[in-house]
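Structure first, commentary second.
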Amino acid sequence: MLNGLRDRDTIVRWSSAKGLGRLAERLPKDLAQDVIGSVIELFKEDTFPITEQSTLLSRANEIDLTSVSDSSWHGACLAIAEMAGRGLLLPERLDEVVPWILKALQFDIRKGTYSVGAHVRDAACYVCWAFGRAYAPEIMKSHVASFSKFLVVVSCFDREVNIRRASSAAFQENVGRQGLFPHGIDIVTTADYFAVGNRSNSFLIVGVEIAKFSEYRFEIIDYVTSISSLHWDRSVRDIAAKSLHKLTFLDVNYMIKNILPFLLPKTTSDDLPTRHGTLIAIGEICHGISLSFRSSTKFSELSWWSGSDFENIIPMVTSVICFFPHKLLDSFGSEFTRLGLCHLINCLSQSEWPLNPKIQPVFWEKAESNEISFFKSCWDTLDSCFLRREESVQQSASEALGNFVKWFISAPNNRKDASKEVKSRIQKYIDGVNPKGSDKFSKRGFAMAFGYLPPTVFNEDITHAFDALQMAIAVQAEKHLNDAEFRRNATQSLGKIVLSLGPEIKKRLQDYSTDSRGDVGSWVREACIYNFEYLIRFLIPLEMSDTQKWLEPELIKRIIAGLLQQSMEKIDRVRETAGTALRALIWLDSNADRLVEKSSHDGLSIACLKDLRNALPMDIEINWLNPAEVYPRIIPLLRLSEYRVDILAGLVVSVGGLTESLVRHSSETLIEFLQTLNQIENSDENFSLSEFFDAVLEIFFRYRKDDRISIPLLEVVDLLIQSGFFSRIDPNSVFYSTFLATLKKEVSGSRDVKKLLSGINVFYGLALVND
């Protein structure tokens, strides 16, 4: 049975633990204690003493568990719980057992890109639960302090949800039966089953709330710093850094004197998760420290770092960026290292870190500190990230760049140097977005960076920057120079810069370029759509306060027409994005109501706003991914002459598409709508079948020789012929002769078999109609 506790199968270990408990229950006291001693020996197998402190949680007689068997520890915990539940684990042996159970509560052995130990921690929680039921409060009194702290830490900050819930249940059981845990009732109501079920809530709200109790505060901070922030799972490291940011406000001095000195030497660790976790944790802590001191009355008129506590920390944190080893920025795993450095620069920028501090390269190779410029080191690091192929690195560097430049140009004693430096950097970015450049990754990075630069830095360079981005978003004649991600980033940056943006973004809504991955132009169109609402919301205050006319009625009309077209097209993702943006724009409130009034000569206008709002009411949820729900709302808007051609251009792509459900819903809705129209042009509804066919002709003229539109349009015409709508038009009308001439020009000279077949069907149908 003792060997069964080591078995690799959980059911064997569990059965062995139960069997040992039943067997020991029938043995004499001395022999039963021998069995318990043998179980405890399982904890000691393959353990080695640690001579140096490895974590903040390291204590005297600390041991190395990297070589132990997780199966043995799991089986031993189950057996100890069974023994305690049956009254076999005598109180005098608790001093021997409890230290092992506390280690089991944090048992986590890393195996490359994963770890083992969740089942051991779960069994350790079961042991704690069993102890609460088995022993009287006076027996457990000497162990309450350690048990309560460990259970609280595991309840809030363990990676696995089942472990957090198991630990919370064990804590609750001990509070109810022992009544000795500090602030037990308050913690039980805070860290209940549902509260710890969500990791973000557990790390950022529950854990921080419990840390307000001084009995648990330092254990929580030490655990998050030593375990969670250095965890192998990136998501745990990220959320641990955010948690440390919040914990900083509870005890700033402890962070400065204990946590930062512990983390700083690990920034150049050979272990990648340790290096990344340390960098983002330092950044969040520094940001928290600055916010804490800046909110203090004592520092309201002084620089927050002017206190004596920062004499050593400021130079050491600064040196992380100035002397960071270059080999770690280009070796295996450098993506995460760069993400960590960008996050650190971002946090220091938001912290208003001193730009010219003393530099103290304590943990790095010695260098001439006088030759090192902190702000140049930061900017060089960010610029090097724009050259990387990983989009996540470029995104992180761009976000950091925005805050860094704001901090850099606002520094009181740095304005003269800032102007010169910013001008040279912007010129570098302008050169970097040259579409003729050979490195597509650097072009993507610099194009993205433009969007995060504050508008105040451009000054006279704004024209050059805008011209460069306009060239970047244009489709190049040489196919090898066309890069969808580059054009998407440039388009997004144009949207954020805003100047003269409307017409240029409208052009990009017609980006239907394709490559081996399919319709990559949809990425550019989505970026355009996202920018429309931002553009209008940004420009409305300028329109009200500036003499310059930013939002002309024609521009508004073109934007709404473009969104209506995209909301009718075949790609669900694009349709949803366009529909959401469209409804948001037509229902702008408060100050944006100037947008909807046409009576004022200087106001802005949305044409046919009432009809648009009736079709897309704000109080009804619209599923834009469902064609059966979208098309019945948009197709009736064909009555609006301002948007008719654009709506129809998007609709024909869907009706003539390949997706069965999309074709069925779009075509049926179109046929039902056309059946309600009169043939006479001067009908009461001011929209007739003749006007509809005029719109069809307009699409033929607008998209001549564009097979993306013309082929589906021929299939739509064939559908209309089969449905009898052409027979309702006078065969001697001008429409027929114009349509036939246009049709002949469209199909003549084409080598596309699909287009020729569609044209043949239309000619055949027209012949039957004329007969």
Side-chain angles (χ1 to χ4, degrees), residues 57 101-102 104-108 115 117-133 140 144-231 233-251 277 280-281 284-285 288:
L57 299 173
I101 300 304
L102 295 179
L105 279 172
Q106 297 180 353
F107 188 94
D108 193 45
S115 67
H119 56 312
V120 177
R121 301 196 299 276
D122 186 56
C125 293
Y126 175 46
V127 174
C128 296
W129 179 86
F131 281 2
R133 298 172 65 90
M140 291 293 296
V144 161
S146 55
F147 265 122
S148 61
K149 292 176 182 178
F150 273 73
L151 287 174
V152 159
V153 164
V154 176
S155 298
C156 298
F157 298 101
D158 196 276
R159 176 179 183 268
E160 311 298 337
V161 60
N162 61 306
I163 307 302
R164 295 197 299 271
R165 285 173 167 168
S167 180
S168 175
F171 188 92
Q172 182 177 349
E173 188 72 20
N174 279 272
V175 169
R177 293 183 180 272
Q178 304 291 334
L180 299 174
F181 282 17
H183 309 284
I185 299 299
D186 294 332
I187 293 175
V188 166
T189 56
T190 302
D192 59 21
Y193 178 88
F194 298 102
V196 300
N198 181 276
R199 185 188 292 174
S200 296
N201 185 68
S202 185
F203 271 71
L204 302 179
I205 298 177
V206 177
V208 175
E209 189 66 25
I210 296 176
K212 293 179 181 178
F213 301 121
S214 58
E215 293 87 346
Y216 302 99
R217 180 180 306 152
F218 302 113
E219 192 75 19
I220 287 176
I221 294 175
D222 290 351
Y223 181 88
V224 176
T225 302
S226 302
I227 307 298
S228 300
S229 65
L230 311 181
H231 202 270
D233 186 347
R234 180 191 171 182
S235 62
V236 175
R237 299 197 299 271
D238 289 339
I239 200 169
K242 295 177 182 177
S243 180
L244 283 172
H245 174 82
K246 292 192 170 186
L247 292 169
T248 300
F249 296 96
L250 301 180
D251 198 321
I280 62 176
E284 292 291 348
I285 291 172

Please round to the nearest 0.5 Å and tell me the distance separating atom [atom1] of [X] and atom [atom2] of [Y].
X    : Y    : atom1 : atom2 : result
E160 : H119 : CD    : NE2   : 12.0 Å
S146 : I101 : OG    : CD1   : 11.5 Å
T225 : L247 : OG1   : CG    : 8.0 Å
L102 : C128 : CG    : SG    : 7.0 Å
E209 : L250 : CD    : CG    : 9.0 Å
Y126 : E173 : OH    : CD    : 11.5 Å

[X] side-chain N/O to [Y] backbone N/O, donor-acceptor pair under 3.5 Å:
X    : Y    : value
S115 : D108 : no
S229 : A241 : no
R217 : K212 : yes
S226 : Y223 : no
N174 : A170 : yes

Provide the closest heavy-atom pair for [X] versus [Y] in the form atom of the first, atom of the second, distance.
X    : Y    : answer
I280 : R237 : CD1-O, 3.6 Å
R164 : D158 : NH1-O, 2.8 Å
A195 : T190 : CB-O, 3.3 Å
V161 : G197 : CG2-O, 3.3 Å
L244 : V224 : CG-CG1, 3.7 Å
I163 : C125 : O-SG, 4.2 Å

Assess whether salt bridge (charged side-chain N to carboxylate O under 4.0 Å, His left out) is satisfied between D238 and K242, documenting all intermediate values. CA-CA 7 Å; D238 289 339; K242 295 177 182 177; over 6 Å; no
Going through the checks in order, is the side-chain contact (heavy atoms from CB on, under 4.5 Å) test met by I187 and Y216? CA-CA 11 Å; I187 293 175; Y216 302 99; 3.3 Å; yes
Which of parallel (below 30°), tilted (30 to 60°) and perpendicular (above 60°) describes F249 and H245?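 Ring orientation, 0 to 90° scale: perpendicular.
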Could you label the plane-to-plane angle of the F147 and F131 rings as parallel, tilted or perpendicular, counting under 30° as parallel and over 60° as perpendicular?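 Because their plane-to-plane angle is over 60°, the rings of F147 and F131 count as perpendicular.
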Show the numbers, then the answer: is there a side-chain contact (heavy atoms from CB on, under 4.5 Å) between C156 and I210? CA-CA 9 Å; C156 298; I210 296 176; 3.6 Å; yes
Measure the shortest side-chain to side-chain distance between [X] and [Y] over non-hydrogen atoms and say whether it is less than 4.5 angstrom.
X    : Y    : value
F218 : K149 : no
F181 : L151 : yes
F213 : V152 : no

In terms of side-chain heavy atoms, does S168 have a donor or acceptor partner in S155 at a distance below 3.5 Å?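 S168 vs S155: no donor-acceptor pair found between side chains.
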So, S235 and R199: side-chain donor and acceptor under 3.5 Å apart, yes or no?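 S235 vs R199: donor-acceptor pair found between side chains.
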Given S228 and F203, is the side-chain contact (heavy atoms from CB on, under 4.5 Å) satisfied, shown in steps? CA-CA 10 Å; S228 300; F203 271 71; 4.1 Å; yes
Does the side-chain contact (heavy atoms from CB on, under 4.5 Å) test come out yes or no for V144 and Q178, once each step is laid out? CA-CA 9 Å; V144 161; Q178 304 291 334; 5.7 Å; no
Hey, does the Lys NZ or Arg CZ of R165 hover above the aromatic six-ring of Y193, less than 6.0 Å from the centre and inside 45° of the axis?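 Yes, R165 lies over the aromatic ring of Y193.
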